[in-house]
Amino acid sequence: MTLQSEAVHRLVLGAVGVGLFLAIWQVIGTYRLAGMTWPPLTDVLAFIADPSKQGLFVRAMLASFASVALGYVVGILSGVAAAMLGQVLPIMRPGLDRLVAVIHAVPLVALAPVFMVLANRDLTPPAISALGVFYMIYVATTSGLKAASHTHRDLFTALGSSPTSRFLRLELPAALPALVSGMKLAIPVAFIGTIVGEWFGASRGLGLLMVSAMQNFQIPLLWSAVLIVTTASLALFGLMSLFERLVYGRFQ
Amino acid sequence: MSGVRTFISHYWGVLGILLLWQAWVSISGLNAIVLPSPLSVVADLVANPAIYAGNAGKTFLVAVLGLAFGLLAGVLLSLAAWTSRLLNGLLTPLGLIFSSIPVVALIPILARLLGYDMRTEIAIVAVAAFFPTFVFVGAGLKSRPPGSDDLFNVLGATPWQRLLRLVMPAAVPNMMVALRLTAPEAVLAAILAELLMGTSGLGFMFREAAGRFAMERAFGTSIIATITAVIVFGLFMAAERRVDALWK
Amino acid sequence: MTETAIHLDRVGKSFALDNGKQLTALSEIDLRIGKGEFVALLGPSGCGKSTVLRLAAALETPSAGRVTIDGKEPQALSRAHRLGVAFQDHALLPWLDIFANVALPFQVAGRKVDDARVKELIGLVGLAGFEKARPRQLSGGMRQRASIARALALQPDVLLLDEPFGALDAVTRRHMNLELQRIWSAQRITTLLVTHSVDEALFLADRVIVMSGRPGRIIRDISIPFERPRHPSVMRDKRFHELVDELTLALEPEGAAP
């Protein structure tokens with residue numbers, strides 16, 4: 001009862017906080033308190049809703065979201081595959097760890113020249129997304145595969161489990177919560193990868209739109225592109241948080 | 001013999017990527033103008049130490065200063081939120097939201113708002129560091145050793161004593177975690193800010209090199225950027241270890 | 001005496017410590033457990049009693065001597081899926097319901113799940129109607145019942161119980177002792193129970209072995225005379241109290257004895 005009212009209280013306060021933030025955004029924009037480059041929220045929303053701009057946004061969104069999705073899926077699949085490889089063939093493990101550490105040490109932007117040379121420019125955004133996601137998922141999955149308790153491992157040993165059965169029935173299910181947390185945290189990473197890749201010279205996309213709007217003082221366009229990207233990333237992040245809660249309830 | 005085996009077992013992944021790279025180049029027939037040879041990259045590094053060092057130093061400065069300001073702001077705001085339940089309720093969800101958006105998307109907006117100069121770059125890094133710090137330190141302020149609150153009540157501590165002797169020290173390890181986690185992002189944000197605004201630093205070198213298709217310069221910059229990122233990251237990781245050794 | 005099931009033949013076990021030294025956990029342990037016998041291993045914490053069980057459960061290998069079950073290595077029994085184990089931590093898989101948890105040994109052994117057998121076991125441990133429940137929805141005592149049902153699933157040759165009720169409160173624990181006796185009486189499987197509760201050992205076992213630590217060795221081997229099935233009133237018996245006193249004294253650290 002009190003716990004529930006506490007949760008409601010927190011939810012209401014949080015909503016008020018977000019509402020206040022949006023109101024302050026609106027006031028600063030309306031009265032030009034931060035100069036001409038801070039538009040009111042309503043102007044940005046009106047700009048996004050403007051039918052004549054629809055084509056522009058839809059084209060950019062399609063390009064960027066396709067890149068995010070491609071990078072996200074490729075990153076997850078390769079990250080999980082690499083982590084499983086290290087688990088099934090422990091001899092591969094040190095090399096994989098070293099490779100992943102190297103990938104992580106390189107700032108995403110420093111990889112852009114490599115991709116520009118190796119692939120075409122339109123493949124650079126999804127490739128950078130995929131690398132960032134790969135790192136997150138590899139780390140999450142390897143730590144997840146270690147999550148099964150000692151007693152559970154003892155149980156499987158005493159039951160005379162084969163390595164395959166242990167992997168499928170114990171280690172893999174026990175790794176799911178960590179994997180899903182990694183998938184949640186990888187969402188903003190996938191967006192960052194795509195935006196950075198596009199800044200390095202893709203031919204389409206929201207990242208490109210941001211840069212050109214910034215350089216040409218198209219203030220409502222700039223804020224619209226940023227608002228679309230952050231909203232999309234937040235919405236997916238929220239969805240993954242719900243999914244994460246579901247998985248934790250079931251598997252932990 | 002066993003040394004070779006250890007080397008291969010540790011580096012087969014990195015070697016494999018390099019081989020794949022070479023294979024890609026050979027098969028797709030990229031010419032040397034597009035893909036620089038490792039030698040020409042090294043030659044460019046050696047021939048222009050001042051350019052590389054100067055720009056890397058500047059990026060390093062932007063990243064570290066930005067981290068420091070972001071950390072300071074994050075700590076101050078989380079302390080403010082700690083003093084008031086109302087403020088805490090209002091700010092915590094906002095902090096969570098902002099720390100989970102792709103923060104690099106805010107760079108163009110900040111650049112336009114604050115103008116193209118180094119202060120803006122520092123501000124951009126600070127913003128990138130601010131939200132995670134706020135969230136982590138906020139959580140740290142709430143997670144005190146079990147029973148310590150009761151102890152301070154029994155001792156009749158004033159709120160100020162409680163803050164200084166219990167709450168703040170308890171939050172320090174979390175603050176170091178926030179720093180370590182945001183350090184790589186800070187370097188990335190610094191380079192990207194320089195790239196977009198084209199003022200100076202490693203980001204500017206990327207832009208300039210890509211603009212005139214000087215690929216040996218672009219690759220050289222990649223190497224220096226990686227080294228800079230590793231130094232910043234290593235610095236904060238060492239600091240975290242030092243703090244953990246004192247605190248835990 | 002009947003045929004020997006579990007045999008520890010001058011078994012020693014030492015572990016390498018981080019500082020390079022050797023820790024001798026067990027030395028010169030000689031123990032025979034007969035077929036169908038229920039033996040309780042009693043001792044203070046750290047005396048190596050769990051190590052004895054882990055040796056029999058194929059979770060450790062002896063540094064000296066030999067451990068056999070029905071003349072075979074424990075590893076061979078584990079590979080043949082002939083071991084039943086339950087631990088203090090119930091070790092139920094949180095993502096499976098109770099039925100699937102009890103059926104797990106069938107799947108690990110690569111056999112078709114015998115639904116009737118699983119149902120029967122769930123009934124035997126008093127969990128009928130909870131087949132679809134998840135471990136987290138059950139009380140501590142119910143989880144231990146499920147973990148004992150799982151241990152019995154493949155009709156193992158030996159049952160190895162490592163402090164199965166150690167995490168339960170005193171009332172639930174006493175109740176579970178009664179239940180375990182009932183379940184065991186229905187199957188009469190060779191059982192090794194590790195416990196630090198004198199009452200539990202006396203109430204359940206045919207024989208109580210007392211161990212002392214550093215290094216672990218056997219200091220007492222006492223046959224328990226009470227008839228089966230045992231009623232809780234046996235715990236008020238004069239003989240029971242004498243045995244409790246005797247064993248409690250045996251468990252006292254050497255320096256503390258008068």
Side-chain angles (χ1 to χ4, degrees), chain A residues 1 3-4 7 76 80 83-84 87-88 90 137 140-184 240-252, chain C residues 50 53-61 69 73-97 100-111 134-137 143 147 150-154 156-164 166-167:
Chain A
M1 181 63 202
L3 248 165
Q4 209 159 12
I76 286 177
V80 169
M84 281 191 183
Q87 181 76 11
V88 176
I137 297 295
T141 312
T142 34
S143 83
L145 286 171
K146 282 186 235 146
S149 74
H150 279 292
T151 330
H152 280 137
R153 290 174 196 279
D154 284 350
L155 173 74
F156 273 71
T157 308
L159 288 177
S161 169
S162 67
T164 324
S165 174
R166 177 192 297 262
F167 183 68
L168 291 178
R169 296 187 191 282
L170 177 62
E171 283 161 349
L172 210 55
L176 276 183
L179 172 61
V180 173
S181 293
M183 282 166 69
K184 180 187 78 173
M240 282 308 293
S241 304
L242 289 180
F243 183 54
E244 184 189 29
R245 199 171 284 189
L246 222 75
V247 170
Y248 270 74
R250 179 101 204 282
F251 286 89
Q252 225 182 26
Chain C
S50 281
L53 183 131
R54 292 178 65 82
L55 285 165
L59 297 171
E60 310 276 359
T61 48
I69 300 176
E73 301 267 318
Q75 279 73 13
L77 255 82
S78 135
R79 273 197 302 276
H81 318 290
R82 304 301 314 143
L83 292 176
V85 287
F87 305 100
Q88 175 171 353
D89 168 6
H90 54 80
L92 298 173
L93 296 177
W95 50 85
L96 299 179
D97 63 19
N101 263 299
V102 175
L104 181 74
F106 284 99
Q107 298 182 311
V108 167
R111 292 180 205 162
R134 297 208 175 272
R136 66 164 67 222
Q137 296 167 311
R143 288 179 208 159
S147 117
R150 178 180 60 193
L152 295 169
L154 296 179
D157 295 341
V158 290
L159 190 56
L160 304 167
L161 307 174
D162 190 0
E163 298 264 13

| said: Between A/Arg250 (side chain only) and C/Trp95 (backbone N and O only), is there a donor and an acceptor less than 3.5 Å apart? | reply: yes

| For the atom pair CG (C/Asp89) and NE2 (A/His150), what is the distance rounded to the nearest 0.5 Å? | 11.5 Å

| query | Considering heavy atoms only, which positions within residues 151-159 of chain A lie below 4.5 Å of chain C? | reply | A/Thr151, A/His152, A/Asp154, A/Leu155, A/Phe156, A/Thr157, A/Ala158, A/Leu159

| query | Who pairs with A/Met84 by side-chain contact (heavy atoms from CB on, under 4.5 Å), at least two apart in sequence or on another chain? | reply | A/Val80, A/Phe167, A/Leu172

| field | Contacting region of C/Arg82 [heavy-atom separation from chain A under 4.5 Å] | value | neither

| Crowding at OH, A/Tyr248 (>12 non-hydrogen neighbours, <6.0 Å) | yes

| query | Quick one: of C/Arg79, C/Gln75, C/Arg134, who has the most non-hydrogen atom pairs under 4.5 Å with chain A? | reply | C/Arg134

| request: Check each atom of A/Ala148 against the heavy atoms of chain C and say whether the ones under 4.5 Å are side chain, backbone, both or neither. | output: neither

| message | Heavy-atom cut-off 4.5 Å, strictly under: side chain, backbone, both or neither for C/Leu160 against chain A? | response | neither

| task | Give a yes or no on this: more than 12 heavy atoms of other residues, nucleotides or ligands lie within 6.0 Å of atom CZ of A/Arg245. | result | no

| message | Quick check on A/Leu170 against chain C: is it the side chain, the backbone, both or neither that has a heavy atom closer than 4.5 Å? | response | both

| query | Who wins among C/Leu96, C/Leu92, C/Leu154 for the most heavy-atom pairs under 4.5 Å with chain A? | reply | C/Leu92

| task | Could you look at C/Gln88 and say if it's the side chain, the backbone, both or neither that has a heavy atom under 4.5 Å from chain A? | result | neither

